[in-house]
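Here is the structure we will look at, set down as structure tokens.
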Amino acid sequence: LHAAGYFNRAYAWYAKARISGAGSHVREAIADFDRALQLKPDYADAYCNRGIARYRTGIRRIAGRRCLRERVVRRRSAAAAGSQDQEHRH
């Protein structure tokens, strides 16, 4: 699959997780967010929503910290990759 294909599949899992998580299927939503993140590891919204879902299951203490840490790491990685791309273009 090309990059757009991975994003589309990741978004499909993300959307399914949002629907599952809105109801009473929070653990299923967490698994679906995990699937989305396997396809698109820099999917910040999936990380945050997975953290919220974990929080709803009672895993409160670690959920918020993991969400924040994972989001920061992913954004830094994406920024570093972007700056490397800029260097190669010049």
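In this chain, residues are counted from 1 in sequence order.
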Identify every side-chain donor-acceptor pair in residues 30-39 under 3.5 Å, counting partners at least two apart or on other chains, and give the distances.
| residue | atom | partner | partner atom | Å |
| --- | --- | --- | --- | --- |
| D32 | OD1 | R35 | NH1 | 2.7 |
| D32 | OD2 | K16 | NZ | 2.9 |
| D34 | OD1 | R50 | NH1 | 2.5 |

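- Without hydrogens or angle criteria, Y14 side chain to N49 main chain gives no donor-acceptor distance under 3.5 Å.
- Closest heavy-atom contact between R56 and A22: NH1-N, 4.3 Å.
- The line from SG of C48 to OH of Y43 is 12.0 Å long, rounded to the nearest 0.5 Å.
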